[in-house]
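Below: the structure, in structure tokens.
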Amino acid sequence: MKAVVTVMPKKSVLDPQGAAVAQAMDHLGLKNVGKVRVGKSIEIELPEGADEAKLHELCRDLLSNPVIEDYELEIER
Amino acid sequence: MRFAVIQFPGSNCDQDVLHALRSFEGVEAHYLWHKDTSVGDADVIVVPGGFSYGDYLRCGAIARFSPVMGAVKEFAARGGTVLGICNGFQILCESGLLPGALVRNRDLHFICEHVDLRVETNNSRFTRAATPGTTLRIPIAHGEGCYTADEATLAELRKNDQVLVRYAGPNPNGSLDDIAGIRNREGNVFGLMPHPERACDPLLGSADGRVIFESILAERN
């Protein structure tokens, strides 16, 4: 089984990386780009029957910082 | 007073801190390894700057779970004095010992320069030897020094006089409310992005950082 955790900066937190990417896209000819936000995607190979509650705990404590980020956990069986 | 300076893989200001500390009278300073499970007989813990664990995932995210940080948390809970500098500040925020978080600088650049800091209060064990309103010239060197916190946290910080130093000149990194360093509510944990240990000798351009260590040392009881 595999898990994919998507970590994104919270809407309320400035994302200068996203702003810089939006600007670069504009320079490269894609006009009128709206907001761009940069996050990260973490793929995890898991043993069968891995503890989902524990996984959420680690998403909160390790993989994301709830002060500045939100996460989404997807489990592929 | 006994100081312990933590070394994580990737710390790079540990030796600077030790060198600076040893220039003060009455200081005994030694290292703690990240795998240590006790802080020993230290009176003060310094979490130095650098790139602990390569800054992987987020700055301080992995250091937070190191064995020594468990001991530092217990030490802080007992009222022990903890100073976090730069990456050390990031680690203290990740650990929950300080509120808020440090994110990428507004302009995305790594900034390495001397900045002016305003001492906002001397009602703390980290600034008691300074005069409020004084400007300190201390270098910064970081890519993720933009302090951020939600409105409620910022209101708390202001209400309890927890912002000890602010950027006095132009805000270098976009930090919320020009915050350069904060203490916890109880007053025994302080984190700041600038490097006072790099401003402890006039030969290095400024000795303004000494007042932070002098303040800690003023508590000789």
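The structure presented is a predicted model; accordingly, all values stated were derived computationally and were not measured. Every chain is numbered from 1, with letters handed out A, B, ... down the list of sequences.
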Applying a criterion of heavy atom separation less than 4.5 Å, what residues of residues 105-120 of chain B form contacts with chain A? B/Asn105, B/Arg106, B/Leu108
Under 3.5 Å, side-chain donor or acceptor atoms of residues 66-73 of chain A against the rest of the protein: list the pairs with distances, not counting sequence neighbours.
from, atom 1, to, atom 2, distance (Å)
A/Glu69, OE1, A/Asn65, N, 2.9
A/Asp70, OD1, A/Lys10, NZ, 2.9
A/Tyr71, OH, A/His56, ND1, 2.7

In terms of heavy-atom contacts, does CG of A/Leu14 have more than 12 from other residues, nucleotides or ligands at under 6.0 Å? no
Please check if atom NZ in A/Lys54 has more than 12 non-hydrogen atoms from other residues, nucleotides or ligands closer than 6.0 Å. no
Region of A/Asp15 that comes under 4.5 Å of a non-hydrogen atom in chain B: neither
If one checks every heavy atom of A/Leu63 against chain B at 4.5 Å, the contacting part turns out to be both
Should we say atom OH of B/Tyr56 is surrounded by more than 12 heavy atoms from elsewhere, each under 6.0 Å from it? no
Counting distance only, does the side-chain N/O of B/Arg58 pair as donor-acceptor with the main-chain N or O of A/Leu62 below 3.5 Å? yes
With a sphere of 6.0 Å drawn around CD of A/Glu74, does it hold more than 12 non-hydrogen atoms of other residues, nucleotides or ligands? no
